[in-house]
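Only heavy atoms go into these numbers, but all of them, side chains included; no hydrogens, no water, no symmetry mates. Order of the sequence lines sets the chain letters (A, B, ...), proteins ahead of strands, with each chain counted from 1.
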Number of protein chains: 2
Amino acid sequence: MTTTRQDLSELLERSGVRATPRRLEVLEELARESDDVTAQQLWSRLRERDSRAGLATVYRTLALLSEKGVIDVLSHHGGEQCYRLCGDAHHHHLLCEKCHRVVEIQECGLDDWVAAAANEHGFVATEHRVEIVGLCADCR
Amino acid sequence: MTTTRQDLSELLERSGVRATPRRLEVLEELARESDDVTAQQLWSRLRERDSRAGLATVYRTLALLSEKGVIDVLSHHGGEQCYRLCGDAHHHHLLCEKCHRVVEIQECGLDDWVAAAANEHGFVATEHRVEIVGLCADCR
DNA sequence: ATGGTAATGAGAACCGTTATCGTTCTCGGT
DNA sequence: ACCGAGAACGATAACGGTTCTCATTACCAT
């Protein structure tokens, strides 16, 4: 888990995003969250930490980071986007329908299945998303 | 493809939804669309056909139909929901990133993989969604 | 230091969706 | 056929999340 401010700063630069104080605050808060958060949640938590970051900046930063592939966007709450700092590699998500915990599934292993399913309908797959919803160990 | 008004009416009743003229109009328009549509698109197309259906009714009907499992909701356009009349059985979607065509993948065959991936993290899977994005035969 | 560009904050604007409310329709019982 | 209760409907206001605007501030190369 990258947590030091230095690590996060390097992560930004490496992704082609200038590491400004505000962006570091946002990323730091994302690193602190184990699950996904909405832009508004993130903003109010920053406020609680005496950050003067504006809501617009939070939205701008989240849009920028997701565009650069630094964070993931989940839209499982119809109408509201959730953001999460994940590993770099291709992965999928496991969601607990009760406590809303989010866990990454690292080993995809679905490429062949995806390619075959796409091919069957004349498609060439460029990406795929899988979301498994269920109950986590604590909730069942 | 169920297209006659009679078929659609029976589909509604079978799903526990009273078949009113407005609902039939909405469902009929959905049956006419090969791809997914937003509520607003659906509404304006109904208007073009001299339907006096209100926007609220379109939203109400779409919410009701998706709740009853008659139609699918896709939220791949972040912030805007798309609706589609699909087959009854469990299936996934193949999306063309260029022309936005949507094709159903009937044979899932992923249950074992899903169960295993969930189990590996202590989860019990209750449902899963797969979306493959790529280029269709016409667009590549 | 200085000028140009990028980033930021506050608040307005936007847009998709939902709620409100008065009217209309549907349907079973008569 | 008629009637009454409850469901459905249409118009429009309200809502909430997101994006835009614009004036101000921070950053960087010169």
Side-chain angles (χ1 to χ4, degrees), chain A residues 5 8-9 12-13 15-30 36-68 70-84 100, chain B residues 5 8-10 12-13 15-30 36-68 70-84:
Chain A
R5 192 172 289 240
L8 297 175
S9 178
L12 287 181
E13 299 290 358
S15 308
V17 177
R18 200 151 84 185
T20 67
R22 287 290 170 263
R23 289 173 180 165
L24 275 171
E25 283 178 12
V26 169
L27 194 53
E28 207 169 13
E29 189 59 43
L30 277 168
D36 53 348
V37 285
T38 65
Q40 315 249 358
Q41 287 173 335
L42 195 49
W43 176 68
S44 63
R45 289 182 198 178
L46 284 174
R47 283 280 146 132
E48 289 168 7
R49 291 181 185 277
D50 300 321
S51 164
R52 256 162 288 124
L55 184 55
T57 299
V58 172
Y59 273 103
R60 275 188 291 239
T61 302
L62 290 172
L64 183 61
L65 294 181
S66 72
E67 188 185 320
K68 297 294 184 178
V70 180
I71 61 177
D72 279 10
V73 186
L74 307 182
S75 41
H76 49 104
H77 280 140
E80 195 169 14
Q81 314 251 80
C82 292
Y83 301 87
R84 185 164 197 270
H100 301 113
Chain B
R5 192 171 289 239
L8 297 176
S9 178
E10 280 165 13
L12 287 181
E13 299 289 0
S15 308
V17 176
R18 197 151 86 186
T20 68
R22 287 289 170 264
R23 289 172 180 167
L24 276 172
E25 284 178 11
V26 170
L27 195 54
E28 206 168 14
E29 188 60 42
L30 277 169
D36 53 347
V37 285
T38 65
Q40 314 248 0
Q41 287 173 335
L42 195 49
W43 177 67
S44 64
R45 289 184 197 178
L46 284 174
R47 283 282 148 130
E48 289 167 8
R49 290 181 186 277
D50 299 322
S51 164
R52 255 163 288 122
L55 183 56
T57 299
V58 172
Y59 273 103
R60 273 188 293 240
T61 303
L62 290 172
L64 184 62
L65 293 181
S66 72
E67 188 185 323
K68 298 294 185 181
V70 180
I71 62 178
D72 279 9
V73 185
L74 307 182
S75 41
H76 51 104
H77 279 140
E80 197 170 13
Q81 315 251 80
C82 292
Y83 301 87
R84 185 165 198 270

Among dC9(D), dC20(D), dT18(D), the one nearest any side-chain atom of Gln81(A) is dT18(D)
Find the distance Arg22(B):CZ to dC25(C):C1' and express it as a whole number of Å.
10 Å
Pairwise side-chain contact, Leu30(A) with Leu62(A), heavy-atom cut-off 4.5 Å (strictly under)
yes
Could you check if a side-chain atom of Glu25(B) sits within less than 4.5 angstrom of a side-chain atom of Arg49(B), using non-hydrogen atoms only?
no
Counting C-beta onward and ignoring hydrogens, is there a side-chain heavy-atom pair between Leu12(B) and Arg23(B) closer than 4.5 Å?
yes
I want to confirm an ordering. Mapping Thr20(B) and Tyr83(B) to their closest nucleotides on DNA chain C, which one lands closer to the 5' end?
Tyr83(B)
Could you tell me whether Arg45(A) atom CZ has more than 12 heavy atoms of other residues or ligands within 6.0 Å of it?
yes
Pick from Gln81(A), His76(A), His77(A): which one makes a side chain to side chain donor-acceptor pair (under 3.5 Å) with Asp36(A)?
His76(A)
Whole-Å distance between dG17(D) P and Leu42(A) CG?
14 Å
Counting only side-chain heavy atoms from C-beta out, which of dG11(C), dC27(D), dT18(D) sits nearest to Ala56(A)?
dG11(C)
Spacing of Trp43(B) atom CH2 relative to dC15(C) atom P, expressed in whole Å
14 Å
Roughly, in whole Å, what's the span from CG in Leu55(B) to P in dA8(D)?
18 Å
Quick one: label Gln40(B) by what it contacts on the DNA or RNA (base, sugar-phosphate, nothing), any heavy atom closer than 4.0 Å.
base
Would you mind classifying the nucleic acid contact of Arg60(A) as base, sugar-phosphate or nothing, using non-hydrogen atoms under 4.0 angstrom?
base
Would you mind reading off the distance between Leu12(B) atom CG and dA8(D) atom P, rounded to a whole angstrom?
12 Å
Looking at Tyr59(A), does any N or O in its side chain come under 4.0 Å of the phosphate oxygens OP1/OP2 on dT18(D)?
yes
Measure from CG on Leu62(A) to P on dT18(D) and round the result to the nearest Å.
9 Å
Touch class at under 4.0 angstrom, heavy-atom based, for Ala53(A) against every strand present:
sugar-phosphate
Whole Å only: how far is the CZ atom of Arg52(B) from the P atom of dA11(D)?
9 Å
5'-most contact on DNA chain C: Arg47(A) or Thr38(B), nearest heavy atom basis?
Arg47(A)
Between P of dA6(C) and CZ of Arg18(A), the distance in whole Å
8 Å
